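Here's the structure, in structure tokens; my notes come after.
Every chain is numbered from 1, with letters handed out A, B, ... down the list of sequences. Treat the numbers as computed from the prediction; the structure is a model and nothing was measured.
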4 protein chains.
Amino acid sequence: MTQGIAAEQLHSIVTRIETLEERKADIVGDIRDVYTEAKLNGFDPKIIRQIVRLRKLDRAEREEQEALLDLYTHALGMTADADL
Amino acid sequence: MTQGIAAEQLHSIVTRIETLEERKADIVGDIRDVYTEAKLNGFDPKIIRQIVRLRKLDRAEREEQEALLDLYTHALGMTADADL
Amino acid sequence: MTQGIAAEQLHSIVTRIETLEERKADIVGDIRDVYTEAKLNGFDPKIIRQIVRLRKLDRAEREEQEALLDLYTHALGMTADADL
Amino acid sequence: MTQGIAAEQLHSIVTRIETLEERKADIVGDIRDVYTEAKLNGFDPKIIRQIVRLRKLDRAEREEQEALLDLYTHALGMTADADL
DNA sequence: TCGCCTGATAGTTGCC
DNA sequence: GGCAACTATCAGGCGA
């Protein structure tokens, strides 16, 4: 029955991927809709994209800063959850 | 107050896009997880990907066929909703 | 003389790309001409495009099928050039 | 026989387009090869692309300048081929 | 003829 | 570190 089980597993895998991809496609469509709406309200989609990109960079940078801070505090034994 | 309204709109737009992108990233992560799980169960991800791609291609072709048929029927004035 | 050689190489590269792009642009023009001619002969360019697209999709699918078959046979160690 | 002739024409059109597209694809491949070669020789493809783009802009600009010059000279009756 | 929209292309990121 | 998949951008084609 190994064959049958494998086939079943394979089918499950493929199906799950397809479902997820479908949901992804939906979301991409939603994003496009927001850009379209933005355009209709007089906002330049290109600039909106830049803003989104910049904010993402900011977030990444902030997280890096925090990670660095964490690293230092841990190294100095200043962490709250250390050595309990 | 136009300025304020515009700023508000802009903020709404950017926020909504960011939320959607977050959800998209989650789904991409889920897809990756399924591939990882597949690999752990002995399935070659490369083959899985090809299967998914092929099934997608099948769907695309089916849709193209229908679109073509539509195009022909419309071109020939055979459309059901014509001449009402 | 490394600088000089590099400059020469760079020039050769850029020139070759430009020549190829020019040829590409010519071909794109030729394709457009065929569509124009088709239109003059009463064929709807839209339908022609769809036919071309569909035939391309057919080819793609055929190739995908073969690639998949290849992948399976290789995965199962059934390849002719194995174990020599 | 109109049907037959039309079918023949259609086939000719589609075939010609496909041949041209094939040639186009070949050239695109050649261009990619040049970029690959450039990379192997230590040139950054990104920069090469910028150079190509800039030179194209330059050419466009030069052509515009010439067109403008033409316009003026014609307007002033200074063109060599006028009034023959 | 202009604006939109789809398809082609260039750039980026993640995997091997 | 190179390569391939994916994403974002851009240009050409279509419809109003």
Side-chain angles (χ1 to χ4, degrees), chain A residues 17 20-21 24-25 27-29 31-40 42 44-54 56-57 60, chain B residues 17 20-21 24-25 27-36 38-39 44-54 56-57 60 63-64 67 71 74-75, chain C residues 17 20-21 24-25 27-36 38-39 43-50 52-54 56-57 60 64 67 71, chain D residues 17 20-22 24-25 27-42 44-54 56-57 60:
Chain A
I17 291 170
L20 289 167
E21 300 245 322
K24 192 177 106 178
I27 291 176
V28 168
I31 293 174
R32 176 171 299 120
D33 289 347
V34 178
Y35 277 111
T36 301
E37 181 200 324
K39 193 187 215 166
L40 293 175
D44 182 343
K46 208 168 170 177
I47 291 178
I48 305 276
R49 280 178 198 281
Q50 277 181 350
I51 293 173
V52 171
R53 212 183 301 143
L54 279 176
K56 196 174 174 182
L57 275 181
Chain B
I17 290 170
L20 289 168
E21 299 246 321
K24 191 177 103 178
I27 290 177
V28 169
D30 290 347
I31 293 174
R32 179 172 299 121
D33 290 346
V34 178
Y35 277 111
T36 301
K39 197 181 205 168
D44 183 345
K46 205 169 169 182
I47 291 179
I48 306 279
R49 278 180 199 281
Q50 198 117 5
I51 292 171
V52 171
R53 213 181 305 143
L54 190 53
K56 197 174 176 182
L57 216 53
E63 279 164 25
E64 285 271 315
L71 229 46
H74 276 88
Chain C
I17 290 170
L20 288 167
E21 299 247 321
K24 191 177 106 179
I27 291 177
V28 168
D30 290 347
I31 293 173
R32 180 174 299 122
D33 290 347
V34 177
Y35 276 110
T36 302
K39 196 181 207 168
F43 294 103
D44 181 344
K46 203 170 170 182
I47 292 178
I48 306 278
R49 280 180 197 280
Q50 197 118 5
V52 170
R53 211 181 306 145
L54 191 53
K56 196 175 175 181
L57 216 53
E64 284 271 316
L71 228 46
Chain D
I17 290 171
L20 288 167
E21 298 245 322
E22 207 173 314
K24 192 178 108 178
I27 290 177
V28 168
D30 289 348
I31 293 174
R32 176 170 298 121
D33 289 347
V34 177
Y35 277 111
T36 301
E37 182 200 323
K39 193 187 215 168
L40 293 175
N41 282 300
D44 182 344
K46 207 168 171 179
I47 292 177
I48 305 277
R49 279 179 200 281
Q50 275 183 352
I51 293 172
V52 171
R53 214 182 300 143
L54 279 176
K56 196 173 175 183
L57 275 181

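- Residues passing the salt bridge (charged side-chain N to carboxylate O under 4.0 Å, His left out) test with D/Glu37 are C/Arg16, sequence neighbours excluded.
- Note that the first and last nucleotides of DNA chain E, 5' to 3', having any atom under 4.0 angstrom from a heavy atom of chain D are E/dA10 to E/dT12.
- In terms of the salt bridge (charged side-chain N to carboxylate O under 4.0 Å, His left out) criterion, residue partners of B/Arg53 (sequence neighbours excluded) are, by chain and number, C/Glu64.
- Atoms CD and CG, on C/Gln50 and C/Leu57 in that order, are 10.5 Å from each other to the nearest 0.5 Å.
- Each of A/Thr36 and C/Lys56 was matched to the nucleotide of DNA chain E holding its nearest heavy atom; the match closer to the 5' end belongs to A/Thr36.
- Spacing between atom CD1 of A/Ile48 and atom P of F/dT9 amounts to 12 Å, rounded to whole angstrom units.
- Every residue two or more places apart in sequence or in another chain that forms a side-chain contact (heavy atoms from CB on, under 4.5 Å) with B/Asp30 is listed here: A/Leu20, B/Asp33.
- Summarising the geometry, atom CD1 belonging to C/Ile17 is positioned 11.5 Å from atom NZ belonging to C/Lys24; distances are rounded to the nearest 0.5 Å.
- At whole-Å resolution of the value, CD1 in A/Ile47 and C1' in F/dA8 are 16 Å apart.
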Base versus backbone protein contacts along nucleotides 10-16 of chain F [heavy-atom cut-off under 4.0 Å; B, S, -]: S-SSSS-

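- Under the side-chain contact (heavy atoms from CB on, under 4.5 Å) criterion, B/Asp44 pairs with B/Lys46, B/Ile47, not counting sequence neighbours.
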